[in-house]
Colleague: 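What follows is a single structure, and I will ask about it in a moment.
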Amino acid sequence: MRLTRYFLPVLRENPAEAQIVSHRLMLRAGMIRQQAAGIYSWLPLGFRVLRRIEAIVHDEQQRAGHIPLLMPTLQPADLWRESGRYDDYGQEMLRIKDRHGRDMLYGPTNEEMITDIFRAHVESYKSLPLTLYHIQWKFRDEVRPRFGVMRGREFLMKDGYNFDVDYDSAMHAYNRHMVSYLRTYERMGLHAIPMRADSGPIGGDDTHEFLVLADTGESEVFYDKAILDLKMGGRNVDYTDRAACAAIVHEWTTPYARTDETHDVSLYHALPQDRQATSRAIEVGQIFYFGTKYSEPMGAMVVNEHGERVPVHMGSHGIGVSRLLGAIIEASHDDKGIVWPEGVTPFPVGIVNLRQGDTATDAACDMLYAALTARGLEPLYDDRDERAGAKFASMDLIGLPWRITVGPRGLANGKVELTSRRSGESEEMSPEAAVDRVAQIYAGV
RNA sequence: CGGGGCGUAGCGCAGCCCGGUAGCGCGACGGUUUUGGGUACCGUAGGUCGUAGGUUCGAAUCCUAUCGCCCCGACCA
C-alpha cells in the first residue's frame, strides 16, 4: 500500500479524552474513531489489525477442531426468558422493541441462542463432541465505558460453546480450549496467564481467565514467577489426545496464579519469597465449564449410548478480540509509539523513501515494493513528499516491526537499511538481501 | 448510579469572571526553502462557539433547560 493512496489520519498531538497509552496510540495512529461512548469506528489501519487477530483466532480454533458459524447480533427476548436471564441480566443488556412491539435485545453473549440451535438439530451422542463458535459483535451497556477498545460497550468477541455427552468429555473440551487459547495468545506476541477465576453472571463451576500483565490492567493478580517461563513455543498439539491436552493444562495451572477474586493468601505465601509477584493485568479471555445450566431449562437433550435422554454438558469460551488490540499495545509500545508483534502487525514492513522524486530512490523503492508484494509481504510504502523526520516519526508511531529505509546516501553504495522497530537496530544491505531477510523473518510467523 | 469536570476549526487550547459580533499553536492546502529523525519563512482555506429557550440595543460570555463527552468511585469482558 502506498501511503499517498491510503487513509491514515495520524495525529501529532494527544487527544484529550484518552487516558491510557493504548487508547492514545490507537487514536494517534488513526486506527479508531469514537462515535459514541464506548463505540468505535475501525479506520483502515485498526481494521487491518482487527482482521489479523480474528484470523489467528479462527485458525487456532479450527486447528482444535472447533467449527465456525455466525449468529446474529439481535436476538429475541423469548430465548432469554427460557433461561431466566432476561430478568437477571439487568441494565447492561440493551433492550430493543421491533415495529411489532416484540422484545429484542442486542446480544451480550450467545449461550441461549447456541443452545436453541443445538436442541433443534442434535439428538444423539453420536453427533458429539461438538464445539461451535463465532466471532461477532456484542453489546454490553456498561455504566462507564473507558480505556478505548479495552472497555467499550460494543466489542468484538469470539465465543465458543462445547456440547458433550458427559463430564469427562466436557472437561476435555475445556482443556482443548485452554490449550488453543495459549497458542492463540502466543501467536499474537502475548504472554497470557491462565488464572483460576470467579464464574460471574454466566455461572458455572470450572473457569479460568487469561490475563496479560500490564500496569493499566483492571484486575489485580498474584502469581508464581515460574509461570512466566512457560511457553507453548508453537508445539504441535494433538487435540484428540485427552491425556496430552490435560498434561498441558496441568503444566499451566500448577504454578500459583490468581486474580484478587480468588486469591488465596496462604497458598501464595507458601511460595518462595523471590517467586511471589503481584501486578495489574488485562483480561483477554475466559473459559467456563457450566454443565447443564442451560441445557436443562432449555431442553437441550441427547440420547446417550444407553438409550437415556440426558441434558448435554456445555461450556462457553470467550476471547475479547477487539480488546486484544488494546492489550497488545499496552504490552508492546515505547515513547515513540506502537511496536506491533509480527503476528498481528497491519503491514509486515514499511518502506521509507528519504528523497521522494529522486530517480534512484524512487526506482529502488518501487523494486522493493514489487519484490515484497510478490512474496506475500505487503509493505506500507511512505511515498509522501515529506522530510525524513516526519516519515520516521509516522512509521514509529504506527509501529510496523520492520522498516526499510531508502536514501540517496546508502543507495550510492547499493545499500538500503533494515531497521527493527523493537530494538531500533539497523543493518545496511542490498535491497535484494533486505527482501530476503524480511521474508525469512515472516516465514516462521 | 453517586461525586467532579468539560463542550469554541481536524487535534490541543485561549477568550467567559468584567456582554460589543471569535483568536493562538499544531495539522491541512498553495508557494519558496530544506533534504538521513516532525526544517524555516510567506500565504490560503476552515468555526450555526453542543442544542433549545430566555435576559439584553447587542450573548461564546449572563440565566434556564437539555444533549453529549471525560475523570474518580461502585460495577463489569
Side-chain angles (χ1 to χ4, degrees), chain A residues 7-20 23-24 27-30 33-39 43 89-93 107-109 137-159 192 197-202 207-212 217-219 259-261 281-288 316-324 326-327 335-337 352-358 361 382 384-397 403-412 415-417 419 424 426 428:
Chain A
F7 180 68
L8 185 66
V10 301
L11 302 174
R12 196 163 166 174
E13 292 175 74
N14 278 322
E17 79 260 23
Q19 299 301 310
I20 65 169
H23 190 194
R24 272 204 306 270
L27 290 167
R28 284 197 55 207
R33 176 176 174 79
Q34 179 167 315
Q35 305 291 173
I39 299 177
L43 305 184
Y89 220 93
Q91 291 297 301
E92 275 199 355
M93 179 186 280
T109 177
W137 291 95
K138 308 290 192 295
F139 196 92
R140 290 182 197 171
D141 199 358
E142 294 286 338
V143 188
R144 191 181 159 208
R146 59 185 130 169
F147 305 148
V149 300
M150 295 244 287
R151 178 129 177 238
R153 291 193 292 172
E154 188 184 48
F155 57 99
L156 188 62
M157 178 168 138
K158 171 264 165 183
D159 44 324
D198 257 357
S199 53
I202 298 196
T207 177
H208 281 84
E209 291 180 337
F210 293 78
L211 290 115
V212 174
E218 296 175 272
S219 314
T259 66
D260 52 2
E261 292 168 328
I282 301 165
E283 187 190 333
V284 292
Q286 187 159 12
I287 56 178
F288 296 91
S316 73
H317 316 279
I319 293 178
V321 172
S322 48
R323 157 177 282 206
L324 270 167
D335 55 351
K336 290 186 276 192
V352 169
N353 185 343
L354 290 181
R355 192 169 299 179
Q356 205 70 42
D358 176 89
T361 61
D382 190 344
R384 295 173 303 166
D385 187 17
E386 286 285 350
R387 294 177 51 91
K391 293 193 177 192
F392 289 145
S394 293
M395 276 294 170
D396 288 345
L397 174 62
R403 183 186 81 206
I404 301 176
T405 309
V406 181
R409 212 149 76 198
L411 217 50
K415 304 279 190 188
V416 297
E417 200 175 84
T419 305
S426 294
E428 289 212 323

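Please read these numbers as outputs of a predicted model, since none were measured by experiment. Below, chains carry the letters A, B, ... as their sequence lines are ordered, and counting in each starts from 1.
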Colleague: Mind checking side chain to side chain donor-acceptor pair (under 3.5 Å) for A:R409 and listing every partner two or more places apart, or none if nothing turns up?
Modeller: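 Scan of A:R409 (side chain to side chain donor-acceptor pair (under 3.5 Å), adjacent residues dropped) gives none.
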
Colleague: Using atom CZ of A:F147 as one end and atom C1' of B:rC69 as the other, report the distance to the nearest whole Å.
Modeller: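 Spelled out: CZ on A:F147 to C1' on B:rC69 is 16 Å.
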
Colleague: Any sub-3.5 Å donor-acceptor pair from A:T361's side-chain atoms to A:N353's backbone N or O?
Modeller: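 Judged by distance alone, no pair lies under 3.5 Å.
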
Colleague: Backbone N or O of A:L11 within a donor-acceptor pair of the A:R28 side chain at under 3.5 Å?
Modeller: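 The answer is yes, because a donor-acceptor pair under 3.5 Å joins these two groups.
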
Colleague: Describe the nucleic acid contact of A:Q34 in one word from base, sugar-phosphate, nothing, applying a heavy-atom distance below 4.0 Å.
Modeller: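 A:Q34: backbone/sugar contact only, no base atoms under 4.0 Å.
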
Colleague: For nucleotides 42-52 of chain B, give me one character per nucleotide, 5' to 3': B if any protein heavy atom sits under 4.0 Å from the base, S if the only such contacts are to the sugar-phosphate, - if neither.
Modeller: -----------

Colleague: Using the P atom in both, what is the distance from B:rG50 to B:rA59, to the nearest Å?
Modeller: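 Roughly 15 Å separates the two P atoms.
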
Colleague: Map A:S322 and A:A18 onto RNA chain B by nearest heavy atom, then report which one ends up closer to the 5' terminus.
Modeller: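 The residue closer to the strand's 5' end, by nearest nucleotide, is A:A18.
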
Colleague: In whole Å, what separates the P atom of B:rU61 from that of B:rG53?
Modeller: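 The answer is 14 Å between these two P atoms.
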
Colleague: In whole angstroms, how far is the C1' atom of B:rC76 from the CG atom of A:L211?
Modeller: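 Taking atom C1' of B:rC76 as the reference, CG of A:L211 is at 14 Å.
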
Colleague: Nearest to the A:V143 side chain among B:rA74, B:rG38, B:rG37, which nucleotide is it?
Modeller: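 Shortest atom-to-atom distance from the side chain points to B:rA74.
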
Colleague: Specify the closest pair of heavy atoms between A:G217 and A:I282, including all atoms of both residues, with the distance to one decimal.
Modeller: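 Of all heavy-atom pairs spanning A:G217 and A:I282, the closest is CA-CG1, 3.6 Å.
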
Colleague: Can you tell me the pairing partner of B:rC41 across any strand shown, Watson-Crick or G-U wobble, with both distances under 3.5 angstrom?
Modeller: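 Looking at the geometry, B:rC41 pairs with B:rG31.
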
Colleague: Counting only Watson-Crick or G-U wobble pairs whose two distances fall under 3.5 Å, which nucleotide matches B:rG53?
Modeller: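 Per the H-bond distance test, B:rC63.
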
Colleague: Using whole Å, what does the distance between atom P of nucleotide B:rC26 and atom CG of A:L27 come to?
Modeller: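 Atom CG in A:L27 sits about 22 Å away from atom P in B:rC26.
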
Colleague: Under 4.0 Å between a side-chain N or O of A:R144 and OP1 or OP2 of B:rG2?
Modeller: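 For B:rG2, OP1/OP2 do not have a side-chain N/O of A:R144 under 4.0 Å.
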
Colleague: Rounded to the Å, how far apart are A:E142 CD and B:rC69 P?
Modeller: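 Roughly 14 Å, once rounded to whole Å.
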
Colleague: I'd like the P distance from B:rA65 over to B:rC71, given in whole Å.
Modeller: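 Roughly 26 Å separates the two P atoms.
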
Colleague: Taking it one step at a time, do A:K336 and A:F392 satisfy side-chain contact (heavy atoms from CB on, under 4.5 Å)?
Modeller: CA-CA 10 Å; A:K336 290 186 276 192; A:F392 289 145; over 6 Å; no

Colleague: Could you pull out all residues at least two apart from A:E386 that satisfy side-chain contact (heavy atoms from CB on, under 4.5 Å)?
Modeller: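 If we apply the side-chain contact (heavy atoms from CB on, under 4.5 Å) test to A:E386, skipping adjacent residues, the hits are A:R384, A:A390, A:K391.
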
Colleague: Base, sugar-phosphate, or nothing: which does A:A393 touch, judged by heavy atoms less than 4.0 Å apart?
Modeller: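 Base contact.
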
Colleague: Could you state the atom-to-atom distance from CZ of A:R151 to P of B:rC70 in whole Å?
Modeller: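 To the nearest whole Å, that distance equals 12 Å.
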
Colleague: Main chain of A:R151, side chain of A:R146: is a donor-acceptor contact present, judged purely on distance under 3.5 Å?
Modeller: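 Flag not set: sc A:R146 to bb A:R151 has no pair under 3.5 Å.
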
Colleague: Please lay out, stage by stage, how A:T109 and A:R140 fare under the test side-chain contact (heavy atoms from CB on, under 4.5 Å).
Modeller: CA-CA 9 Å; A:T109 177; A:R140 290 182 197 171; 4.0 Å; yes

Colleague: Write down the distance separating the P atoms in B:rA52 and B:rC13, rounded off to the nearest Å.
Modeller: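 It comes out at 25 Å once rounded to the nearest Å.
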
Colleague: Taking 4.0 Å as the cut-off, does a side-chain nitrogen or oxygen of A:R12 come that near to OP1 or OP2 on B:rG27?
Modeller: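 Yes, because at least one side-chain N or O of A:R12 sits under 4.0 Å from OP1 or OP2 of B:rG27.
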
Colleague: Please give, in whole Å, the distance from B:rA74 P to A:E92 CD?
Modeller: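 In whole Å, B:rA74 P and A:E92 CD are 16 Å from each other.
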
Colleague: Taking atom P in both B:rU34 and B:rA14, what distance in whole Å separates the two?
Modeller: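 Their P atoms lie roughly 38 Å apart.
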
Colleague: At their closest point, which heavy atom of A:L156 faces which heavy atom of A:S322, and how far apart are they?
Modeller: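 In terms of heavy atoms, the two residues are closest at N-OG, 2.8 Å.
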
Colleague: Shortest non-hydrogen contact from A:E209 to A:A197?
Modeller: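 Shortest heavy-atom contact: CG-CB, 3.2 Å.
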
Colleague: Under a 3.5 Å distance rule, please check whether A:R323 uses its side chain to pair with a backbone N or O of A:V149 as donor and acceptor.
Modeller: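 No: the side chain of A:R323 does not pair with the backbone of A:V149.
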
Colleague: Would you mind pulling out the nucleotide paired to B:rC69, Watson-Crick or G-U wobble, both distances under 3.5 Å?
Modeller: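 By the stated definition (distances under 3.5 Å), B:rG5 pairs with B:rC69.
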
Colleague: Assuming nearest nucleotide by heavy-atom distance, tell me which of A:Q19 and A:M150 is located more 5' along RNA chain B.
Modeller: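 Result of the comparison: A:Q19.
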
Colleague: Would you list the protein and nucleotides 4-15 of chain B atom pairs, both N or O, that sit under 3.5 Å from each other?
Modeller:
{"residue": "B:rG12", "atom": "OP1", "partner": "A:A16", "partner atom": "N", "Å": "2.8"}

Colleague: With 3.5 Å as the limit, what N/O pairs link the protein to nucleotides 33-36 of chain B?
Modeller:
{"residue": "B:rU34", "atom": "O2'", "partner": "A:R387", "partner atom": "NH1", "Å": "3.4"}
{"residue": "B:rU34", "atom": "O2", "partner": "A:R387", "partner atom": "NH1", "Å": "2.8"}
{"residue": "B:rU35", "atom": "O2'", "partner": "A:R355", "partner atom": "NH2", "Å": "3.0"}
{"residue": "B:rG36", "atom": "O2'", "partner": "A:R409", "partner atom": "NH2", "Å": "3.2"}
{"residue": "B:rG36", "atom": "O6", "partner": "A:G410", "partner atom": "N", "Å": "3.0"}
{"residue": "B:rG36", "atom": "N2", "partner": "A:E417", "partner atom": "OE1", "Å": "2.8"}
{"residue": "B:rG36", "atom": "N2", "partner": "A:E417", "partner atom": "OE2", "Å": "2.9"}

Colleague: Distance between the P atoms of B:rG4 and B:rU8, in whole angstroms?
Modeller: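 One P to the other, the span is 22 Å.
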
Colleague: Expressed as a whole number of Å, how far does the C1' atom of B:rU21 sit from that of B:rG2?
Modeller: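 Those two atoms are separated by 41 Å.
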
Colleague: Could you tell me how far apart A:E218 (CD) and B:rG73 (C1') are, to the nearest whole angstrom?
Modeller: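 Going from CD in A:E218 over to C1' in B:rG73 covers 14 Å.
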
Colleague: Please report the distance, rounded to the nearest Å, between CG in A:N353 and C1' in B:rG37.
Modeller: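 For the pair A:N353 CG and B:rG37 C1', the rounded distance is 16 Å.
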
Colleague: Minimum heavy-atom separation for A:V10 to A:L397, with atom names?
Modeller: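 That would be CB-CD2, 4.1 Å.
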
Colleague: Could you please name the partner base of B:rC24, counting Watson-Crick and G-U wobble pairs only when both distances are under 3.5 Å?
Modeller: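 Because both required distances fall under 3.5 Å, B:rC24 counts as paired with B:rG12.
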
Colleague: To the side chain of A:R146, which of B:rC69, B:rG37, B:rC72 is closest?
Modeller: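 Given the options B:rC69, B:rG37, B:rC72, the side chain of A:R146 is closest to B:rC72.
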
Colleague: A:F139: what forms a ring-ring contact (aromatic ring centres under 6.0 Å, His included) with it, not counting sequence neighbours?
Modeller: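 Expected list: A:Y106.
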
Colleague: Pick the P atom in B:rG27 and in B:rU39, then give their distance to the nearest Å.
Modeller: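 So the two P atoms sit 7 Å from each other.
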
Colleague: Watson-Crick or G-U wobble partner for B:rC18, using a 3.5 Å limit on both distances?
Modeller: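 No nucleotide pairs with B:rC18.
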
Colleague: Hey, is the main chain of A:T419 close enough, under 3.5 Å, to the side chain of A:R403 for a donor-acceptor pair?
Modeller: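 Not a single qualifying donor-acceptor pair exists.
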
